[in-house]
Amino acid sequence: MRIHQVLATLGYGDAIGHEVLGIQRVLRAAGHDSEIFVETADSRLEALTRDYRELVDFSDADNLLLHHFSLGSKASRTAYALPDRMALIYHNITPPEYFIGVHRALARQCFRGRRELRAYSERCDLAMGDSEFNRQDLTMLGFRRTAVLPVVPDFSHLDRLPNRTLSAQFDDEWTNVLFVGRVIANKKIEDVIRFFHAYQSMFNPRSRLLIVGAQSGFERYLASLNQLIAELELPHVHFTGHVSDEELVGFYEVADLFLCASEHEGFCVPLVEAFYMQVPVLAFAATAVPATMDGAGVLFETKEPLHVAALMDAIISNVDLQDAIVDGQLAAVERLRAKDFSGTLLGFVEDILSAPRSPAPRVAYDFWHQFDAAQALEELRLYRPSIYKALPEAP
């Protein structure tokens, strides 16, 4: 059986990239032919992929495509139009309102992505979310057959020898508060900074905040964060940018607390990475975060800075409490790793192949051109309704 994956971009070191490669290993180990088709890939992973345009040559009505949908792409649209059976894997799309004012192009892409996703509800034999939160989102978007393909992170990249070139400067008697993730608006890093400001001011002046993650493409948001830091006259906040796996291990090793204020997550792999690395986690209880933490770590439900700062101090100043939190987190990791990802994936494949297939896509030669035009008109109606006032009233 030929079971291929298609997605817009295969990134190095991110959660989706790890899952895509893990799925390929499972499929090949089960005896299936399995390739990864992408528009773009990190240079370190290009050798593992094929250009999405080659998908046309590989296409066959008996094939199964596993389509990782994040934002609408040429790869997605090509896959839609082919006769292959399709199952969708959904990693969630951040609501566009988070990016208005900091990244207008991405806000537009997220808006279009959520609208385009609806077109796949009749195309797919099964739509899988990588969390229950994402599965529920699929149901709300009109998908009838949904399931959860659980994220079971591969922690092997954290078992490497650390590269302490960057982290060594922070390996001292000071307290290190860590956040790992892209510097992007839905992560609400401004709230992390405010919480740290309250903690440093009220409880522990010998502390620093380490923000580890890629910044490219979000320079406007990064500038607003630096402006906030300047207004608060807040010292010892460090943005590291993107780091290698070995450097990431070094930062986890020097961390005393992992602090997350994100308001929209489909899963949030860095939380369970921190669990695995035995760093106590304090996180805002939003979207998929409580389910991901699975009763471990510490959740907070209000973003009042003094309240969060007091929680930070309660954890950092109490070694016995830290040990208890870490024990709970390691138990959650074991529950996560006990999930049979391979069996679940192959079971879904068997179910798809044994069930009646969805009707073949009926795609006119100009289908996607019309689709894009309709989306553009809808955006104008929503965001610039006044332009319609210039048209004469209907009789």
Side-chain angles (χ1 to χ4, degrees), residues 5-9 16 19-20 37-39 52 55 59 64-100 103-149 186 264-267 287-288 348 351-352 355-385 388:
Q5 296 181 83
V6 57
L7 65 158
T9 300
I16 295 176
E19 182 175 19
V20 169
F37 294 89
V38 300
E39 286 184 48
Y52 78 96
L55 190 57
S59 176
L64 174 60
L65 296 180
L66 301 181
H67 176 206
H68 296 263
F69 191 98
S70 54
L71 293 176
S73 67
K74 295 176 183 177
S76 294
R77 297 175 181 191
T78 301
Y80 182 97
L82 296 174
D84 309 48
R85 301 187 76 154
M86 179 183 287
L88 185 120
I89 301 176
Y90 179 53
H91 305 280
N92 209 282
I93 298 174
T94 305
E97 52 264 29
Y98 281 105
F99 305 120
I100 295 172
H103 200 307
R104 293 182 64 183
L106 184 58
R108 187 161 50 248
Q109 288 175 340
C110 290
F111 175 82
R112 289 176 174 172
R114 290 189 68 86
R115 287 183 56 82
E116 185 172 315
L117 179 60
R118 296 176 185 271
Y120 290 81
S121 61
E122 300 297 328
R123 173 68 176 89
C124 298
D125 294 315
L126 180 66
M128 297 173 281
D130 52 12
S131 67
E132 176 61 21
F133 175 78
N134 287 347
R135 189 202 66 77
Q136 292 176 9
D137 204 17
L138 287 169
T139 300
M140 291 174 60
L141 288 166
F143 289 83
R144 290 190 293 273
R145 290 191 62 201
T146 61
V148 176
L149 180 64
N186 60 293
H264 188 88
E265 295 289 344
F267 184 82
T287 55
F348 286 149
D351 290 345
I352 292 168
R357 64 183 299 157
S358 296
R362 300 179 60 186
V363 183
Y365 74 96
D366 62 346
F367 173 80
W368 285 113
H369 174 75
Q370 294 184 43
F371 192 91
D372 285 342
Q375 287 187 115
L377 290 171
E378 179 66 8
E379 287 183 30
L380 290 173
R381 187 186 70 80
L382 289 173
Y383 294 109
R384 297 181 60 194
Y388 283 88

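Since this is a predicted model, take the numbers as computed values, not measurements.
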Pairing residues for [X] by the ring pair (Phe, Tyr, Trp, His ring centres under 6.0 Å) criterion, not counting sequence neighbours:
X: His68; value: His91
X: Phe348; value: none
X: Phe37; value: His4, Phe58

From [atom1] ([X]) to [atom2] ([Y]), nearest 0.5 Å:
X: Glu19; Y: Leu66; atom1: CD; atom2: CG; answer: 10.0 Å
X: Asp137; Y: Ile93; atom1: CG; atom2: CD1; answer: 8.5 Å
X: Leu117; Y: Phe143; atom1: CG; atom2: CZ; answer: 4.0 Å

Side-chain heavy-atom pair [X], [Y] within 4.5 angstrom cut-off:
X: Asp130; Y: Ile16; result: no
X: Leu126; Y: Asp351; result: no
X: His67; Y: Ser76; result: yes
X: Val6; Y: Thr78; result: no
X: Arg114; Y: Leu141; result: yes

Which atoms form the tightest heavy-atom contact between [X] and [Y], and what is the distance?
X: Ser358; Y: Cys124; result: OG-O, 3.2 Å
X: Leu65; Y: Ala79; result: CD1-CB, 4.0 Å
X: Ile352; Y: Ala87; result: CD1-CB, 3.6 Å

Problem - Partner set under salt bridge (Lys or Arg N to Asp or Glu O under 4.0 Å) for Arg85, not counting sequence neighbours - result: Asp125
Practice task
Under the salt bridge (Lys or Arg N to Asp or Glu O under 4.0 Å) rule, collect the residues that match up with Arg123, sequence neighbours excluded.
Solution key: none
Practice task
Report, as yes or no, whether the 6.0 Å neighbourhood of atom CZ on Arg357 holds more than 12 heavy atoms from other residues, nucleotides or ligands.
Solution key: yes
Residue list, side chain to side chain donor-acceptor pair (under 3.5 Å) with [X], at least two apart or on another chain:
X: His103; result: none
X: Thr287; result: none
X: Arg135; result: Glu132, Thr139, Thr146
X: Tyr98; result: Glu263

Does [X] have any side chain to side chain contact (heavy atoms under 4.5 Å, CB included) partners at least two apart in sequence or in another chain, and if so, which?
X: Arg104; answer: none
X: Ser59; answer: Leu82, Pro83, Asp84
X: Ala288; answer: Ser131, Phe133, Thr292

Exercise for the section: Ignoring hydrogens and angles, tell me if any N or O in the side chain of Asn186 forms a donor-acceptor pair with the backbone of His264 under 3.5 Å. Expected result: yes
Exercise for the section: Check each of Tyr80, Tyr90, Tyr120 against Phe69 using the ring-ring contact (aromatic ring centres under 6.0 Å, His included) test, and report the only one that passes. Expected result: Tyr120
